[in-house]
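A short worksheet on the structure shown next.
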2 protein chains.
Amino acid sequence: MSDETAGNEIENRFGYLLKHVQSRYQQLAGAALEQLGIDGKQWAVLVTIGSGEELSQQEAANALGIDRTTMVALVDGLEDKGLARRSRHPEDRRKNIVELTTDGRRTLERARKKVAAAEQTFFAPLSSPDIDKFKTALRALLRGDEQGRYE
Amino acid sequence: MSDETAGNEIENRFGYLLKHVQSRYQQLAGAALEQLGIDGKQWAVLVTIGSGEELSQQEAANALGIDRTTMVALVDGLEDKGLARRSRHPEDRRKNIVELTTDGRRTLERARKKVAAAEQTFFAPLSSPDIDKFKTALRALLRGDEQGRYE
DNA sequence: TATTGTTATACTCTATAACTATA
DNA sequence: TATAGTTATAGAGTATAACAATA
């Protein structure tokens, strides 16, 4: 607090903090995933379709909160890399089931480790209990209700 | 933990949490600012040029971490609304000093209150001490060093 | 008629390159 | 030569509209 400057107010704006913290996280996670030849969005798709449930493209898109038209190119990219596979749903031939290939499963596991390592770097400034509190707070803020409140 | 579903892993991914929490914040703050006819970026510019220091366009851009070419349209918009004013720097005529008009100052103060109210809504799921801890954690994570660590 | 995947298209956001004026 | 502001342009990212296949 001793060297307060004009920039201080800007940098303490909550919107600024959130934006730049997210930017730092994406940078770290992105660099980790780059070693496996995928980006953050593709990683999110891998996690989604590797979750155990059989998902159509649209269901996977919904789970990620993106448009089904956006999902097309994402799955294209993963298919080109040999990490995911499309197949017709046997009972509803309009749907594409999207699933991991063997390579995709292997990449997913490697990516988990890379991302976990990146998160360790990201969270280095916080103690273990503070990391837990931080994540709990995020989940409560996302729900937007008062379930997480205990004062 | 009783109704664990496939979506659970996705929604607990840290990247997902951060992205959607930011999205919720922007939605709330954006809706608050919309009542004053400005958006989040214009609000950030108002805060910057209202900080007390005399700033050129480029200096304001740097303070916000955006490009000087992007700043042009932002200042254009604020000038059109009568909230900001360009004037030549007396000692270096290449520079534009950007400052608030009387209306701009008034809008800035109104916006402060609107944003504060929006943040109150945003943070409703957390207790007061938890809000402080959350903000402290964000600042530590942004610095990226271990200054905030005390375990 | 409605839905899924797809394509084409448009829109937003932002950065890069090039120009003008000033230094 | 270098810098500040500006403009034109291009690229990434994503959404909307329209179409084919299927329900």
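Every chain is numbered from 1 and lettered A, B, ... according to where its sequence line falls, protein lines coming before strand lines.
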Take atom [atom1] of [X] and atom [atom2] of [N], then tell me their distance rounded to the nearest Å.
X	N	atom1	atom2	answer
B/Lys19	D/dG13	NZ	P	12 Å
B/Arg68	D/dG5	CZ	P	8 Å
B/Arg88	D/dG5	CZ	C1'	9 Å
B/Gln57	D/dT3	CD	P	18 Å
A/Asp67	C/dG5	CG	C1'	12 Å
B/Glu59	D/dA4	CD	C1'	10 Å
A/Ile97	C/dG5	CD1	C1'	14 Å
B/Leu64	C/dA15	CG	P	12 Å

Of the candidates D/dG5, C/dG5, D/dA2, the side chain of B/Arg94 sits closest to D/dA2
Ranking C/dG5, D/dA2, D/dG5 by distance to the side chain of A/Lys95, first place goes to C/dG5
OP1 or OP2 of [N] less than 4.0 angstrom from a side-chain nitrogen or oxygen of [X], does that happen here?
X	N	value
B/Thr70	C/dA15	yes
B/Arg86	D/dT6	yes
B/Gln58	D/dA4	yes
A/Lys41	D/dT14	yes
A/Arg93	D/dT22	yes

Please test B/Leu33 against B/Asp39 for side chain to side chain contact (heavy atoms under 4.5 Å, CB included), starting from the C-alpha separation and ending with a verdict. CA-CA 6 Å; B/Leu33 292 169; B/Asp39 63 25; over 6 Å; no
*asked:* Base, sugar-phosphate or nothing for A/Asn96? Non-hydrogen atoms, less than 4.0 Å.
replied: sugar-phosphate
Q.
Using a 4.0 Å heavy-atom cut-off, does B/Asp92 contact any base of the nucleic acid, only the sugar-phosphate backbone, or nothing at all?
A. sugar-phosphate
Note to self: Pairing donors with acceptors under 3.5 angstrom, does anything connect the side chains of B/Gln35 and B/Lys114?
What the structure shows: yes
Less than 3.5 Å apart, any donor N or O on the side chain of B/Asp67 or B/Thr69 sitting next to an acceptor on the other? yes
Check your understanding: Taking 4.0 angstrom as the limit, do B/Glu79 and B/Arg85 come out as a salt bridge?
Key -> no
Heavy-atom distance under 4.5 Å between the side chains of B/Phe134 and A/Lys133, does that happen here? no
Ranking A/Pro90 and B/Thr69 by the position along DNA chain D of their nearest nucleotide, the one closer to 5' is B/Thr69
